[in-house]
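In what follows, a structure is listed as structure tokens, so that the remarks can point back to it.
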Amino acid sequence: MGTDELRCALCGRTGTAADAASGWSLSVPPRATGAQDGGRPRPDRVTALCAECARRSVRDLEARLDP
């Protein structure tokens with residue numbers, strides 16, 4: 001998988017970095033204080049959810065909230 005490719009952490013669907021603008025959810029863990037890499041995010045540590053899985057996750061979370 002190249003650096004411009006994304007893979008959904010839940011369903012395994014693949015997409016490109018351009019797909020991120022169409023509803024994909026991306027998260028990068030926070031950098032450690034005093035990190036030797038200058039604080040740049042590492043592409044291999046990005047967690048991605050496709051638009052469908054992101055919507056499903058949000059609905060699941062909302063369903064658990066108190067009314």
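What you see is a predicted model; the values in this text were computed from it and never measured. Note that the numbering runs from 1 along the sequence shown for the chain.
- Leu61 belongs to no hydrophobic cluster with other residues, because no ILVMFWY side-chain heavy atom falls under 4.5 Å from its own, directly or through intermediates.
- Contact between Trp24 and Asp19 at its shortest, heavy atoms only, is CD1-O, 3.1 Å.
- In this structure, Gly12 and Arg7 approach most closely via the heavy-atom pair O-NH1, 3.3 Å.
- The distance from the CG atom of Leu26 to the OG1 atom of Thr47 is 9.0 Å, given to the nearest 0.5 Å.
- Applying the side-chain contact (heavy atoms from CB on, under 4.5 Å) rule to Ser57 yields the partners Leu10, Leu49; only residues at least two apart in sequence or on another chain are considered.
- The two residues Cys50 and Cys11 have their closest heavy-atom pair at SG-SG, 3.8 Å.
- By the side-chain contact (heavy atoms from CB on, under 4.5 Å) test, Arg56 is found to be paired with Glu52, Cys53, Arg59, Asp60, residues two or more places apart in sequence or in another chain being considered.
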